[in-house]
S.K.: 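Structure in structure tokens, see below.
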Amino acid sequence: MKSIDIKGTARTATGKKAAKKIRLAGAVPCNLYGEKKDEKGLPVAQSFTVEAAELRNLVYTPHIYSVNLNIDGKECKAIMKELQFHPVTDQLLHVDFYEITETKPIVMEVPIKLNGLAEGVKAGGKLAASIRKIKVLAPYTAIPEHLDIDVTKLGLGKTIKVGELSFEGLELVTSPSVVVCQVKMTRSAKSAASKAQ
């Protein structure tokens with residue numbers, strides 16, 4: 001997995017008013033959740049801000065990254081956990097980060113990559129991905145940039161489901177019944193099949 005450097009500034013003022021002020025200044029309010037828990041056992045968030053421009057390469061990309069987070073000189077490894085966008089303007093409103101270690105497993109959505117020419121495509125069908133990412137559980141050091149899926153043996157009208165896949169060192173969290181990809185029948189494939197009968 002690639003990594004990216006992000007610099008942040010700790011903030012003490014929280015709440016809607018403070019967040020609005022931060023956004024007007026061209027920054028994004030963020031929280032970092034880690035090992036620290038409060039007396040109720042709930043995760044304690046560290047509040048900080050990041051320049052909106054600095055988050056662009058992390059947010060607007062199909063790739064996944066681990067983040068080298070530097071908040072006022074204090075460094076830690078993290079992943080982006082949750083994003084909030086404005087429903088109308090699509091402006092990035094808030095980012096939650098989650099602190100990670102080399103040994104603790106995390107859940108992360110990993111992009112899929114379909115490889116090979118499917119048998120069903122050769123027969124006139126059309127290959128269609130039903131999902132773009134699969135959730136996996138593993139230490140971040142074991143998580144790849146993408147999951148390679150071989151589709152060469154996939155016939156006309158056939159599907160590949162999550163339950164049929166396995167990747168070394170990764171536990172798949174997405175439901176086994178979820179369809180990853182399928183070869184759809186096209187009009188030309190249907191007419192070819194009916195002629196062959």
Side-chain angles (χ1 to χ4, degrees), residues 1-113 129-147 162 170-175 178:
M1 194 196 307
K2 293 174 183 165
S3 65
I4 194 167
D5 297 333
I6 300 282
K7 270 190 177 155
T9 308
R11 64 184 169 109
T12 46
T14 54
K16 282 185 179 176
K17 238 182 192 174
K20 198 174 183 183
K21 215 172 174 182
I22 290 162
R23 291 183 197 113
L24 285 170
V28 178
C30 302
N31 284 333
L32 172 67
Y33 294 92
E35 301 292 309
K36 225 162 127 187
K37 304 267 194 294
D38 65 11
E39 57 275 5
K40 289 179 185 168
L42 298 167
V44 175
Q46 181 184 351
S47 300
F48 64 102
T49 61
V50 176
E51 293 297 317
E54 209 172 325
L55 288 167
R56 205 164 284 135
N57 291 340
L58 175 66
V59 175
Y60 303 103
T61 175
H63 305 293
I64 54 170
Y65 291 99
S66 64
V67 180
N68 302 316
L69 203 52
N70 181 323
I71 304 169
D72 295 336
K74 194 182 165 206
E75 294 185 1
C76 76
K77 276 261 186 208
I79 55 163
M80 191 169 59
K81 200 69 181 160
E82 208 171 297
L83 297 168
Q84 277 177 15
F85 292 96
H86 191 283
V88 178
T89 63
D90 248 3
Q91 180 196 358
L92 183 60
L93 298 179
H94 185 93
V95 183
D96 280 342
F97 289 92
Y98 182 73
E99 198 176 341
I100 53 175
T101 66
E102 287 191 11
T103 52
K104 192 178 177 186
I106 55 166
V107 173
M108 199 157 191
E109 286 190 319
V110 182
I112 63 164
K113 191 179 177 191
S130 305
I131 54 171
R132 291 211 307 262
K133 293 177 178 179
I134 292 175
K135 276 186 184 176
V136 304
L137 174 70
Y140 86 90
T141 48
I143 295 175
E145 285 176 34
H146 52 77
L147 300 172
V162 172
L170 303 178
E171 187 186 322
L172 303 186
V173 181
T174 300
S175 169
V178 170

S.K.: Within a strict 4.5 Å, meaning less than it, do heavy atoms of the L24 and K21 side chains meet?
M.R.: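 No - every pair of side-chain heavy atoms lies 4.5 Å or more apart.
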
S.K.: Show me, pair by pair, the donor-acceptor contacts under 3.5 angstrom made by side chains of residues 71-81, not counting sequence neighbours?
M.R.:
{"residue": "D72", "atom": "OD2", "partner": "A10", "partner atom": "N", "Å": "3.1"}
{"residue": "E75", "atom": "OE2", "partner": "N70", "partner atom": "ND2", "Å": "3.4"}
{"residue": "K77", "atom": "NZ", "partner": "N68", "partner atom": "OD1", "Å": "2.8"}
{"residue": "K81", "atom": "NZ", "partner": "V107", "partner atom": "O", "Å": "3.4"}

S.K.: Sequence neighbours left out, what passes side chain to side chain donor-acceptor pair (under 3.5 Å) with N57? Give chain and number order.
M.R.: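 In terms of side chain to side chain donor-acceptor pair (under 3.5 Å), with neighbours along the sequence ignored, N57 is linked to no residue.
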
S.K.: Between S47 and N31, what is the shortest heavy-atom contact and its length?
M.R.: OG-OD1, 3.2 Å

S.K.: Any chance you could measure K7, atom NZ, to L69, atom CG, to the nearest 0.5 Å?
M.R.: 12.0 Å

S.K.: Tell me every residue that passes side chain to side chain donor-acceptor pair (under 3.5 Å) with T12, counting only those two or more places apart in sequence or in another chain.
M.R.: none

S.K.: Is the shortest side-chain heavy-atom distance between M1 and Y140 below 4.5 Å?
M.R.: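 M1 reaches Y140 side chain to side chain.
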
S.K.: Rounded to the nearest 0.5 Å, how far does CD1 of I100 lie from OG of S66?
M.R.: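 These two atoms lie 5.5 Å from each other.
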
S.K.: How close do G8 and V50 get, counting heavy atoms only, and between which atoms?
M.R.: CA-CG2, 4.1 Å

S.K.: Give me the atom names and distance for the closest heavy-atom approach of P29 to A19.
M.R.: CG-CB, 4.0 Å

S.K.: Is any side-chain heavy atom of L92 closer than 4.5 Å to one of L83?
M.R.: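 Yes - at least one pair of side-chain heavy atoms lies under 4.5 Å apart.
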
S.K.: Can you name the closest pair of heavy atoms from A142 and L170 and give their distance?
M.R.: O-CD2, 3.6 Å

S.K.: Please report the closest heavy-atom contact between I64 and P111, naming both atoms and the distance.
M.R.: CG2-CD, 4.0 Å

S.K.: Working to the nearest 0.5 angstrom, can you tell me the gap between D5 CG and L58 CG?
M.R.: 11.0 Å

S.K.: Mind checking whether V178 and I134 have side chains closer than 4.5 Å, heavy atoms only?
M.R.: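 Of all side-chain heavy-atom pairs linking I134 with V178, none is under 4.5 Å.
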
S.K.: Distance check, rounded to the nearest 0.5 Å: E171 atom CD versus L137 atom CG?
M.R.: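 One finds 5.0 Å between CD of E171 and CG of L137.
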
S.K.: If we only count heavy atoms from C-beta on, is the I22 to R11 side-chain gap below 4.5 Å?
M.R.: yes

S.K.: Quick one: does R23's side chain have a donor or acceptor within less than 3.5 Å of a partner on L93's backbone?
M.R.: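 Confirmed, R23 side chain pairs with L93 backbone.
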
S.K.: How close do I143 and M108 get, heavy atom to heavy atom, and via which atoms?
M.R.: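 The answer is CD1-CB, 3.9 Å.
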
S.K.: In chain order, what residues pass the side chain to side chain donor-acceptor pair (under 3.5 Å) check against T49, with sequence neighbours excluded?
M.R.: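 So T49 forms no side chain to side chain donor-acceptor pair (under 3.5 Å) with any residue.
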
S.K.: Just so I know, are the side chains of R132 and I112 near enough to count as touching, which here means a heavy-atom distance under 4.5 Å?
M.R.: no

S.K.: According to the ring pair (Phe, Tyr, Trp, His ring centres under 6.0 Å) rule, which pairs have a member within residues 56-108, sequence neighbours left out?
M.R.: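 Applying ring pair (Phe, Tyr, Trp, His ring centres under 6.0 Å) to every pair that reaches into residues 56-108, excluding sequence neighbours, yields F48-F97.
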
S.K.: Would you please name every residue forming a side chain to side chain donor-acceptor pair (under 3.5 Å) with T103, sequence neighbours left out?
M.R.: none

